[in-house]
Amino acid sequence: MSAYAPELPLTYLSQDELDLVTAMRSQLQGGRWELELRDAYVNGRQLIRDLGISIPPQLKGLHTVIGWPRIGVEALEHRLDLEAFRWADGADAADLAEIADANDLFDECSLAHTDALVYGREFVTVGSGDNDSLPLITYESPMDMTVLWDARTRTVLAALRECRGDRLRTYGLGPEEHLTTLYLPEATIQIVPAPAGGWAVIDRDDHGLGMVPVLRMANRQRTGDRTGHSEITSDVMSVTDAACRRLMGIEVASEFFGAPQRYILGASESAFQDAEGHTKSAWETYIGRVLALERDEDGNVPQVGQFAAHDPSGQTKIIDLYARIMSSQLSVPPHMLGYTSDNPASADAIRSAQDSLVKKAERRIRRFSATHRSTMRLALWVRDGQPPDRSRRIECVWRNPATPTIASQTDAAVKMVASGLLPADSEVALEMAGLTEDQRRRVAAERQRAAGRQDTASILARIGTDTSGGSGGGGL
């Protein structure tokens, strides 16, 4: 009789897994500098590369900031409002809403959109929740995560995430340690540095999905580069640096030429001495409210004059030029960057200036929707233990990025209903009118209650008619 030996999870990495960890850690660390640079421009912490000509050494620590990169990213992200998920066939989407609400998905996806616009990419992981709860969906920064991408199948072959700092408390590790997670098609492995070198496996989840439970949300892809690119391009950074140098030039000029320079011709040395005969400092002489000068030995009065003060309008005009250039780079109206003219733009001109921004938002909605749909399908897979039917499509419901007024949306919906293109009780008409997903649900519930009241009233009326008819027949 042979003894039974239970199968224990592996406590070490295979050579293939070790090679993947080494390659992806190198890839993660190699791309971190570029990500940190974009993050610095968005947060106003970038180093200004001055020319070393007009800035004196004493003012090298002066730091000027123009938040144009942040304004450009936020202006685009504000138009990317994901509201709901629904089945394309019109079936009840309560299961999709339950998963989204459990993960606070509509608030979290706003953070994911911002990261994708700033860094050029964002990652989504899907796993089982605690205590057999709903699937857990988390968004991961490219500062902490990287993937190996198959361009042919457009899928993730493997992924790696490094976790540091306070997030380690949930794993029972100290902030000085770091946890690395390796995502593979058949397993998810958590490892930490071993005391003797190498890696020690602390958890191995053999999920057996046949796919990596990680998705990538890429921004501005190209066929030859699927990694994604940031909205903070080299053009944006160059113009931002130039504008910051102009601001710094204004600050330096205010230090040297803000106070107009004076000159005195024909004055004696005593005019620059105090009552005790000591020479006054240049500042004391300059700020003196009363400058009393005596005639010289020939009876001539010293001549006092003032040079013209520095005019910063030349610098501000250059900054306005940079604002117009940046407006075209970020596809935002110039007034959002602080540029104004003597003739304010009309409402039609403002809407026309926003067309490019609206079109850019529509393209991002199409790109990001694919990731959100795949995320929800993967969450259903994790919850049910089997992939959902591919014939059933999931749709993402977004707010209109053009942000039309309620009046214009309602007018368009009313005209569609009046022309017979849409039924009056259609949910599409409510969506066209600009109602949110929650508002449409409330309208549907109120319609059901109103229909119930009408049915009750008709039943009571029928009973009353039957009763009156019966009473009349009995009297005869």
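Note that the coordinates shown come from a computational prediction; the quantities given were computed from them, not determined experimentally.
When atom types are taken as modelled, the side chain of Asp225 and the backbone of Thr227 share a donor-acceptor pair closer than 3.5 angstrom. With hydrogens and angles disregarded, no donor-acceptor distance shorter than 3.5 Å links the side chain of Thr125 to the backbone of Val214. Checked by atom type and distance alone, the side chain of Ser238 never pairs as donor or acceptor with a backbone atom of Ser234 at under 3.5 Å.
Asp241 is not listed as a side-chain neighbour of Tyr322, based on a closest heavy-atom distance of 4.5 Å or more. You'll find the side chain of Phe368 reaches within 4.5 Å of the side chain of Asn219, heavy atoms only. In this structure, Val417 and Val414 have side chains that are not in contact, with every pair of non-hydrogen atoms separated by 4.5 Å or more.
Partners of Arg377 according to the side chain to side chain contact (heavy atoms under 4.5 Å, CB included) rule, which considers only residues two or more places apart in sequence or in another chain, are Pro388, Arg390, Ile394.
For residues 103-129, no pair satisfies salt bridge (Lys or Arg N to Asp or Glu O under 4.0 Å), with sequence neighbours left out. Counting only residues at least two apart or on different chains, the salt bridge (Lys or Arg N to Asp or Glu O under 4.0 Å) pairs with a member in residues 70-89 are Arg70-Glu74, Glu83-Arg399, Arg86-Glu395, Arg86-Glu431, Asp89-Arg392.
Going from atom CD1 of Ile191 over to atom CG of Asp203 covers 12.0 Å, rounded to the nearest 0.5 Å.
Counted within 6.0 Å of CZ on Arg324, heavy atoms from surrounding residues, nucleotides or ligands total more than 12; the atom is thus considered enclosed.
Salt bridge status for Glu362 with Arg366: absent, with no side-chain N to carboxylate O gap under 4.0 Å.
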